[in-house]
Protein chains: 6
Amino acid sequence: MPIVQVNMMAGRTDQQKESMIRKVTDAVMDAVSAPEQNVTVLINEIPKSEFGIGGQTAEKLGR
Amino acid sequence: MPIVQVNMMAGRTDQQKESMIRKVTDAVMDAVSAPEQNVTVLINEIPKSEFGIGGQTAEKLGR
Amino acid sequence: MPIVQVNMMAGRTDQQKESMIRKVTDAVMDAVSAPEQNVTVLINEIPKSEFGIGGQTAEKLGR
Amino acid sequence: MPIVQVNMMAGRTDQQKESMIRKVTDAVMDAVSAPEQNVTVLINEIPKSEFGIGGQTAEKLGR
Amino acid sequence: MPIVQVNMMAGRTDQQKESMIRKVTDAVMDAVSAPEQNVTVLINEIPKSEFGIGGQTAEKLGR
Amino acid sequence: MPIVQVNMMAGRTDQQKESMIRKVTDAVMDAVSAPEQNVTVLINEIPKSEFGIGGQTAEKLGR
C-alpha cells in the first residue's frame, strides 16, 4: 500500500499531472512489486511565492 | 500534542469538514488520553486531477 | 480514499496504536461516509528529542 | 539537504511568506551548518475551515 | 525541484530502496522534464503496527 | 498555530536538534508574530539509505 506525495511547483498542465501519476505509479510497482491498485499518488502543487530555495521564493528567483 | 493530517479528495462541505475535525479529535483523545486542547487536525483537500489511484487520476476514474 | 497521518510522541503501547487506528478510521468513515476499506491511517511516532513545543524539546519539558 | 514544511493558517501577506522563508532558512543553516543552497522551505497555507484546534475549526474559533 | 515522499511498509531491502529512489526519480524527470539533480526522494518506512488499513494494523492483517 | 516539519538526514546530535528546534521556533515567531507556545517543530530524521538525491541514496553519494 505505498502512498506517494509529490510536492512540486504549481503551473503544470493536467496532462503533466496525469503523466506524473502514471509514471510514478509504474516506478513504485516495479521497485517493490506492489499491485497497481495499491499505489496511491498525491500531487501537492506549491505556489512560487510559497516555495523557498536557498532563502528566496521561487517567484523572486524567476523559476 | 497529537497532530493529525487528513488528506482527502476535494469537494466536501464545510459541515463535513467540521464533522471530520470534531470526530477525529474525539477519536484521538479517546485512543491516547490526550487533552482536547492538545489535538490539532489539519485537512488537506486534494483536487481530483491530483489524486492518483492505481495510476489514474480520480477525475478520469469518475470518483 | 482518505489518508490520515497521525504525528504523536513516541512511547505508546501497541494496544494504544491499534485503538488509534480503529477509532480514527471510524471517525473518518462517519464524517464523510467513506467505506471502511478505503481509509488508511499512518502513525508517525516522534522521539521526545525531536518534538519541539514552544522552542524546547518535549524531553527537556519532561513531557 | 534539509527540507522544511511550514503548515500555517492562510491569510499571510507575500512579505510575511518571504520573511518566513528567509528566516527559517537562516535558522536551519545555523543549527546544522547546512549550505544555504541546500535548504528548501515549503509553506502550506491551510484555510481556517480546515484547521482544527481542540475539535473546532479556526473559523468557528474566530482565529 | 520536485520533492517526493514515499510512505511504505517497513521491511524492504536496501536494494529495493535504491531501486525505488532510482525509478521514482526517473519517472519524475520524465513526467515534468525536471533535471535529475533537482529531484529529491524521501522514503518513510512505517512499521506494520503503525500502518492501518480499514481500521486494522497491517500486523493484524498479516500483511 | 504554525506546525513545522523538518526533514533532514539522520546523524545529528541531540544538541543540534535542540538548536534546530530553538532557532526555527524563533524564526517562525519573528516572521508571522506567532506566540512562542503556539509553535510546534517536528524533526524527521531520514536514514542515508532512504534519502535520494538525483536518483542515488545519500549513502552511495558519501554524504
Side-chain angles (χ1 to χ4, degrees), chain B, chain C:
Chain B
M1 307 287 291
I3 295 163
V4 183
Q5 294 166 304
V6 181
N7 302 283
M8 64 182 188
M9 244 173 262
R12 304 300 184 176
T13 64
D14 273 9
Q15 198 180 337
Q16 282 177 312
K17 291 179 203 168
E18 279 175 36
S19 172
M20 176 70 84
I21 284 169
R22 179 72 265 163
K23 286 176 199 296
V24 170
T25 300
D26 290 346
V28 171
M29 287 166 62
D30 200 17
V32 295
S33 306
E36 188 177 61
Q37 282 313 310
N38 285 2
V39 182
T40 304
V41 178
L42 310 178
I43 296 176
N44 179 27
E45 284 202 309
I46 301 167
K48 290 184 182 190
S49 60
E50 298 171 18
F51 203 119
I53 303 162
Q56 290 194 272
T57 66
E59 199 170 36
K60 281 277 164 85
L61 291 167
R63 293 289 175 99
Chain C
M1 308 285 289
I3 296 162
V4 182
Q5 293 165 303
V6 180
N7 301 283
M8 63 182 191
M9 242 172 262
R12 305 301 184 175
T13 64
D14 273 7
Q15 198 180 339
Q16 282 177 311
K17 290 180 205 170
E18 278 176 37
S19 172
M20 176 70 83
I21 285 169
R22 181 70 266 163
K23 287 175 199 295
V24 169
T25 299
D26 290 346
V28 170
M29 289 168 61
D30 200 17
V32 296
S33 306
E36 188 178 60
Q37 282 312 310
N38 285 2
V39 182
T40 304
V41 177
L42 310 178
I43 296 176
N44 179 26
E45 285 202 310
I46 301 167
K48 291 185 181 188
S49 60
E50 298 171 20
F51 204 121
I53 303 161
Q56 290 195 273
T57 66
E59 197 170 36
K60 280 279 163 86
L61 291 167
R63 293 287 177 103

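Computation of the quantities below employed the complete heavy-atom set of this structure, encompassing side-chain atoms and omitting hydrogens, waters and symmetry-equivalent molecules. Within every chain, numbering begins at 1; the chains are lettered A, B, ... in the order of the sequence lines, protein sequences first and strands thereafter.
Counting heavy-atom pairs closer than 4.5 Å to chain C, the top-ranked of the candidates B:Val41, B:Thr13, B:Val28 is B:Val28. The candidate with the highest count of non-hydrogen atom pairs below 4.5 Å against chain C, out of B:Val24, B:Thr40, B:Asp30, is B:Asp30.
The shortest heavy-atom contact between B:Met1 and C:Ile53 is CG-CD1, 3.6 Å. Summarising the geometry of C:Val32 relative to B:Met20, their closest heavy-atom pair is CG1-CE, 3.8 Å, with the distance given to 0.1 Å. Across C:Gln16 and B:Ala31, no two heavy atoms sit closer than the pair CG-O, 3.9 Å. Residues B:Gln5 and C:Asn7 share a closest heavy-atom pair of OE1-ND2, 3.4 Å.
Only the side chain of B:Arg63 comes within less than 4.5 Å of a heavy atom in chain C; its backbone stays farther off.
Taken from CD1 in C:Ile46 to CD1 in B:Ile3, the straight-line distance is 6.5 Å, to the nearest 0.5 Å.
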